[in-house]
Amino acid sequence: MIDKLILKLNSKKFSVCVIGLGYVGLPLISRFIKSKIKVYGIDNDKNKINVLKSGNSYIGSIDKSVSQYFRKNKDYLSTNYNLIKKSDVIIICLPTPLKKHSQKPDMSYIFNCAKNLKKNIKYNHIIILESTVYPGATRMLAKKIITKKFEIGKNLFIGYSPERENPGDKKFNYHNTPKVISGYSKVCLNLVKLIYQNFVKKLILAKQIEEAELSKLIENLYRAVNIGLVNELKIICKKLNIDVLNTINIASTKNFGFQKFLPGPGLGGHCIPIDPFYLSWISNKNGYNPKFIKLAGIINSKIPLWTFRQIMKKVKYKKNLKFLLLGLSYKKNVDDDRESPTYEFIKILNKNKILYDYSDPFFQKTRQGRQNKESKISIKLNKINLSKYDATILLTDHDKFDYKLIAKYSKLIFDTRSKYKNINIKDYKNIIFC
């Protein structure tokens, strides 16, 4: 039976079902389509399904081949898990956020998926998890799926391969970026390898699933810790009246042993703000309370409030105070607002009963969901609109913004990204860096 499955994988006569059609799942589907492999998609969001069936996409960076593919094959998309019965490979790309009002992992998306998989899996299914999880989570998923009739490595195969997407990076691809893979057994690992080698040039084989799971956390923790360092450095520099960006630029002239990180209004993206708490949680469960990693997460989570306080020191509080927020995306030049610090900033404004509008060329209106309950439309940047607000706050430094226009007509500008340090504007005294 396994020999037949291997032959199927080698001849590209297998089909894939991707569960979770977001910023990880949809690019993955695109790669399978380009590799001429049949692919299905499952998502519990009916709006996403309908958008793709109509030949459009809700993620700007996705290749048109995806929307064209699903427009021609509408029955390849569903909210129903029965669809997995048509596939040989199942890849899970679901979100793994933190629980509300806590710093504990929310694995509900993954474990709810497991319940549905249990009802629909068949012999020789290959199940791969791509979501960012704590070490041991894939084995927990396996326990929730398997029944007595299945034996992993014999008639059911399970692997883990952490995603390495970089939204907005046009140079990113799997010809220049290695991909980590792992398997529940040697047989599982070999099958996972045969799947991904269709579009990945270099595969990194982890000996244990837990090593692959932890490697993903380390990749993001590296950034979280270093961003936490420069964010704390920003606070210290403010106290010492030293320019933090100039200081970092001087340090970055060292051509060995140093990588440049820049401070901002807080952390964003699905993984970096969350992963310190995932690793801290699993470490605590196993008897060690990590100090360094947890502290980086705490420092970064406090930066939006610190930024707000710096702004309020310069703005005279009054009734109907109103700010214009520039940028919903968590980083520049992408239509990705996952865990964006802007949403944290909005919560602070609402708590303090301060009015706001926003402008973002990548979001004509706000997305309502887990992060945001409000519905707003992006404000056009022009002389009349900019002059209406008591302050303009730059939270995401998109290249599409007209920074000279913003500087000319805003009453006050609070630059949290140090963007105006690199723009030749000499005559404006309304720019404050924070």
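One is the number of the first residue; the rest follow in order along the sequence.
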Taking the six-membered ring of [Y] as reference, does the cationic atom of [X] (NZ for Lys, CZ for Arg) lie under 6.0 Å from its centre and within 45° of its axis?
X	Y	result
Arg31	Tyr174	no
Lys291	Tyr288	yes
Lys421	Phe433	yes
Lys294	Phe277	no
Lys365	Tyr358	no
Lys115	Phe111	no

Will you find, in the side chains of [X] and [Y], an N or O donor that is under 3.5 Å from an N or O acceptor?
X	Y	answer
Gln259	Tyr222	yes
Asn124	Asp88	no
Glu213	Thr138	yes
Ser161	Lys179	yes
Asn249	Lys260	yes
Asp337	Tyr343	yes

NZ/NE/NH1/NH2 to OD/OE distance under 4.0 Å, Asp357 and Lys376: yes

Between [X] (side chain) and [Y] (backbone), is there a donor-acceptor pair under 3.5 Å?
X	Y	value
Ser35	Ile37	no
Arg164	Thr177	no
Asn231	Gly264	yes
Asn430	Ser410	yes
Arg338	Tyr330	no
Asn56	Leu52	no
Ser57	Ser67	no
Ser340	Leu328	yes

In short, ring-ring contact (aromatic ring centres under 6.0 Å, His included) pairs touching residues 133-159 with sequence neighbours left out are Tyr123-Phe150, Tyr134-Trp281

Give me the ring orientation class for [X] and [Y]: parallel if the planes are under 30° apart, tilted from 30 to 60°, perpendicular past 60°.
X	Y	result
His398	Phe401	tilted
Phe32	Tyr196	tilted
Tyr40	Tyr76	tilted

Could you tell me whether the side chain of [Y] reaches within less than 4.5 Å of the side chain of [X], counting heavy atoms only?
X	Y	answer
Glu151	Leu156	no
Lys118	Lys144	no
Leu386	Leu324	yes
Pro265	Arg417	yes
Cys113	Ile19	yes

Atom [atom1] of [X]: over 12 foreign heavy atoms under 6.0 Å:
X	atom1	value
Arg223	CZ	no
Lys64	NZ	no
Ile377	CD1	no
Lys104	NZ	no
Lys122	NZ	yes

Going through the distances and angles, do Ile128 and Ile158 end up as a side-chain contact (heavy atoms from CB on, under 4.5 Å)? CA-CA 6 Å; Ile128 304 168; Ile158 292 177; over 6 Å; no

Spacing of CG belonging to Asn44 relative to CG belonging to Asn80, to within rounding of 0.5 Å: 12.0 Å

At their closest point, which heavy atom of Met312 faces which heavy atom of Phe323, and how far apart are they? SD-CZ, 4.0 Å

Heavy-atom closest contact (Asn300 atom, Gly228 atom, distance): OD1-CA, 3.2 Å

Output all residues satisfying ring-ring contact (aromatic ring centres under 6.0 Å, His included) with Tyr23, sequence neighbours left out; order by chain, then residue number. none

